[in-house]
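Read through the structure below, which is laid out as structure tokens, and then see the notes.
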Amino acid sequence: MNSLQIFNTLSRKKELFKPIKEGQVGLYVCGMTVYDFCHIGHARVMVVFDTVVRYLKHLGYKVHYVRNITDIDDKIIVRALEANEDFSQLTQRFIDEMHQDEASLNVLKPSLEPLATKFIDNIVSMIQTLIDKQHAYVGSNGDVYYSVESFTGYGQLSGCKLDDMNAGERVEVDENKRNPFDFVLWKSAKVGEPAWLSPWGEGRPGWHIECSAMATCCLGNHFDIHGGGMDLQFPHHENEIAQSEAATGEKFVNTWMHNGFVRIDDEKMSKSLGNFFTVREVLKQYRGEEIRFFVLSSHYRSPLNYSDEQLNESRSALERLYTALRNVAPVQNTVKSDFVQRFEAAMNDDFNSAKAISVMFECANELNKLKTRNPEQASLLAHDLLTMADPLGLLNQDPEAYLQSTAGSNEAMSSDDIEMKIAQRLQAKTEKNWGLADQIRDELKEQGVVLEDKGLETTWRRQ
RNA sequence: GGCUGAGUGGCAGAGUGGUUAUGCAGCGGCCUGCAAAGCCGUGUACAGCGGUUCGAUUCCGCUCUCAGCCUCCA
């Protein structure tokens, strides 16, 4: 069907992707814990895996894409308390905000978006199974713990060996645990905390179990791809494997994908460091598509350094691509062009979007050349360019509309005013009053509007 | 301390055992009333030191530097 290679964190190698069920892919991605706005790091996960899904579909797969929402955890409880708000109200607020950000980034909706709080029954029964199978125990404080020593494969994903990890140094020693790396499956509720009934009293699920429950419920015990940010590799994903495989007795996931971090000044962007930009903030200055391009301009496993310069470059790059698409009617080619083939080769190599994008630029260059010389060929190339852009979620807007759109939420001159100025300038031009014509052009330039003359016809775009 | 990963031209960022990444910026030219856009041309880049090789930025070893995980984090 294809020769898609994916880097599997489990084997630390690129592997030929082969779905469990021919033609179908089950994909689970760890989504947001909803207690705050999404930052650019979250945007990266969304865009990267959205691109993975789009590309898998481009290859002809039917994709079951599940991206969960964690809507109960300690931080949510704290925030709700601070805001004097019911926790479910708080989470709903940020779920809505998240959906807005996703729309801005042209991220498609997943097939399913399960909420942890809607899967409590499944979570409880999974924990019960783990207890029954002696993989979990109830501590003296009433919390239920997973026993890492009971699972022989523990550490396979992260490469951590229990013996080598210095417990007590970085990990707090907890009297209730048999092993310091044992982790909570069920947490007893304190007074006033949100709680659900369980055989172990009122409480809530621990951090990792909800993903095991939701993933296996939505996609089956064994599925194709599981993804998320690098930092989830350990302990979150390691624990998911331990829980799921111990409970079901089956292999959990074939391919593990982890995306790299967004950095600021060579440091990880993170909530705990406080050095993050929210998607919302960045959208005040840049178009969603510019952010999306920025994310895809480097390989998903590489670090991605955030800066205005980078976003500005993305802006220029998109301007070039959209400019190439102006004034050409795309016409579908009957054969797969060399460009598209090279694009697919790049994407087949572990979703190398950076390389794939470079092919798009080569195509744009050819398109620019052929526009005047051979319009029919140009139309085919325009379609090729769009064919490549589609799985990346780029270039989906009308070129003229894009180029004339305002970036961010800045106050801008209206289109009507611009057209009026252009009409004035045309008058000046016909009178060969170059001084006035240039003056008007300069004025518009100061408003961020660039004019392009083609004889007596003038097109405009915003910078 | 344990375990990962990375160091490429002015910047960003792919890739390769011997031949052009790509984008932005710069320089020269074409086009234009002048511009803009576009096109053409243009850069002794691959952290350091050894090794393997006819030949290494690309493979191996060591050194240096940086980042990440091991604690909530995408």
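Keep in mind that the numbers below use all heavy atoms, side chains included, and drop hydrogens, waters and symmetry copies. Residue numbers begin at 1 in each chain, while the letters A, B, ... track the order of the sequences.
For A37(B), neither phosphate oxygen OP1 nor OP2 lies less than 4.0 angstrom from any side-chain nitrogen or oxygen of R326(A). Not one side-chain nitrogen or oxygen of K371(A) sits closer than 4.0 Å to the OP1 or OP2 atom of A37(B). Within the structure, every side-chain polar atom (N or O) of K454(A) is placed at least 4.0 Å from both OP1 and OP2 of G38(B). Taking only side-chain nitrogens and oxygens, K429(A) never comes nearer than 4.0 Å to OP1 or OP2 of C34(B). When the side-chain nitrogen and oxygen atoms of R441(A) are compared with OP1 and OP2 of A37(B), none of them lie within a distance under 4.0 Å. Taking 4.0 angstrom as the limit, S358(A) places none of its side-chain polar atoms (N or O) nearer than this to OP1 or OP2 of G15(B). Contact annotation: N365(A) reaches the phosphate of C39(B) (side-chain N/O to OP1 or OP2, under 4.0 Å). For R320(A), no side-chain nitrogen or oxygen approaches OP1 or OP2 of U22(B) to under 4.0 Å. Residue W207(A) places at least one side-chain N or O closer than 4.0 Å to OP1 or OP2 of C73(B).
Inspection of the N348(A) and Y55(A) side chains reveals an N or O donor paired with an N or O acceptor under 3.5 Å. R287(A) and S405(A) share a side-chain donor-acceptor pair at under 3.5 Å.
Within 4.0 Å of S272(A), counting heavy atoms only, lies at least one base atom of the nucleic acid. Residue contacts shown for R425(A) include a base, since a base heavy atom lies under 4.0 Å away. Among the atoms of the strands shown, none is found under 4.0 Å from any heavy atom of S307(A). If you check every strand for non-hydrogen atoms under 4.0 Å, N312(A) touches nothing. Across all strands shown, H236(A) has no heavy atoms under 4.0 Å from either base or sugar-phosphate atoms. Note on K432(A): nothing from the nucleic acid sits closer than 4.0 angstrom, heavy atoms only. Among the protein residues, S314(A) comes within range of no part of the nucleic acid, since none of its heavy atoms lies under 4.0 Å from any strand. Counting any heavy atom pair closer than 4.0 Å across all strands shown, S270(A) reaches a base atom. Counting non-hydrogen atoms under 4.0 angstrom, L451(A) reaches a base of the nucleic acid. Residue E452(A) is in base contact, counting any heavy-atom pair closer than 4.0 Å across all strands shown. Residue contacts for M32(A): at a heavy-atom cut-off of 4.0 Å it reaches no nucleic acid atom on any strand shown. Heavy atoms of V29(A) sit nowhere under 4.0 angstrom from any nucleic acid atom. Residue G41(A) is in base contact, counting any heavy-atom pair closer than 4.0 Å across all strands shown.
For P235(A), whose side chain is taken as the heavy atoms from C-beta onward, the closest listed nucleotide among G13(B), C70(B), C11(B) is C70(B). In this structure, the nucleotide among C73(B), U22(B), C34(B) sitting nearest to the side chain of D438(A) is C34(B). Across G15(B), G13(B), C70(B), the shortest atom-to-atom separation from the side chain of N352(A) is found for G15(B). For S302(A), whose side chain is taken as the heavy atoms from C-beta onward, the closest listed nucleotide among A14(B), C39(B), C69(B) is A14(B).
Look at the P atom in both C31(B) and C40(B): the space between them is 15 Å, to the nearest Å. For C46(B) and A56(B), the C1' atoms lie 11 Å apart once the distance is rounded to whole Å. Atom name C1', nucleotides G23(B) and G9(B): the rounded distance is 14 Å, in whole Å. Separating the P atom of U32(B) from that of A47(B) is a span of 46 Å, rounded to the nearest Å. Comparing the same atom, P, in C3(B) and in A14(B) gives a spacing of 27 Å after rounding to whole Å. Separating the C1' atom of U22(B) from that of C70(B) is a span of 38 Å, rounded to the nearest Å. When the C1' atom is compared between G55(B) and G17(B), the two are found 8 Å apart, to the nearest whole Å. Annotation: G18(B) and G10(B) have their P atoms spaced 23 Å apart (nearest Å).
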- Step-by-step ring pair (Phe, Tyr, Trp, His ring centres under 6.0 Å) determination, H258(A) to H237(A): CA-CA 10 Å; H258(A) 292 98; H237(A) 289 162; 4.9 Å; yes

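Contacts of A412(A) classified as side-chain contact (heavy atoms from CB on, under 4.5 Å), with partners at least two apart in sequence or in another chain: T406(A), R462(A).
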Would you list the atom pairs, donor with acceptor, under 3.5 Å between side chains in residues 420-429 of chain A and any protein atom, with sequence neighbours excluded?
{"residue": "K421(A)", "atom": "NZ", "partner": "E443(A)", "partner atom": "OE1", "Å": "3.2"}
{"residue": "R425(A)", "atom": "NE", "partner": "A437(A)", "partner atom": "O", "Å": "3.1"}
{"residue": "R425(A)", "atom": "NH1", "partner": "D453(A)", "partner atom": "OD1", "Å": "3.1"}
{"residue": "R425(A)", "atom": "NH2", "partner": "D453(A)", "partner atom": "OD2", "Å": "2.7"}
{"residue": "Q427(A)", "atom": "NE2", "partner": "E431(A)", "partner atom": "OE2", "Å": "2.6"}
{"residue": "K429(A)", "atom": "NZ", "partner": "D453(A)", "partner atom": "OD2", "Å": "3.0"}
{"residue": "K429(A)", "atom": "NZ", "partner": "G455(A)", "partner atom": "O", "Å": "3.2"}

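Rounded to whole angstrom, the span from the CG atom of D349(A) across to the C1' atom of G15(B) amounts to 10 Å. In this structure, N8(A) places its CG atom 14 Å from P of G5(B), rounding to the nearest Å. The interatomic distance linking F234(A) (CZ) with C3(B) (P) rounds to 14 Å, in whole Å.
Looking only at side-chain heavy atoms (C-beta outward), L392(A) and F293(A) stay at 4.5 Å or farther from each other. Counting only heavy atoms from C-beta outward, the side chains of L386(A) and L325(A) approach each other to under 4.5 Å.
Side-chain atoms of K268(A) come within donor-acceptor range of the base of C73(B), with a qualifying N/O pair under 3.5 Å. Judged by atom type and distance alone, K75(A) reaches the base of C72(B) through a side-chain donor-acceptor pair under 3.5 Å.
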- Query: With Watson-Crick and G-U wobble geometry limited to distances under 3.5 Å, how should the secondary structure of RNA chain B be encoded in dot-bracket form, using | for bases paired to another strand and [ ] for crossing pairs?
  - Reply: (((((((..(((.....[...))).(((((.......)))))....(((((..]....))))))))))))....

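Between H208(A) and F361(A), the residue anchored closer to the 5' end of RNA chain B is F361(A), taking for each the nucleotide with the nearest heavy atom.
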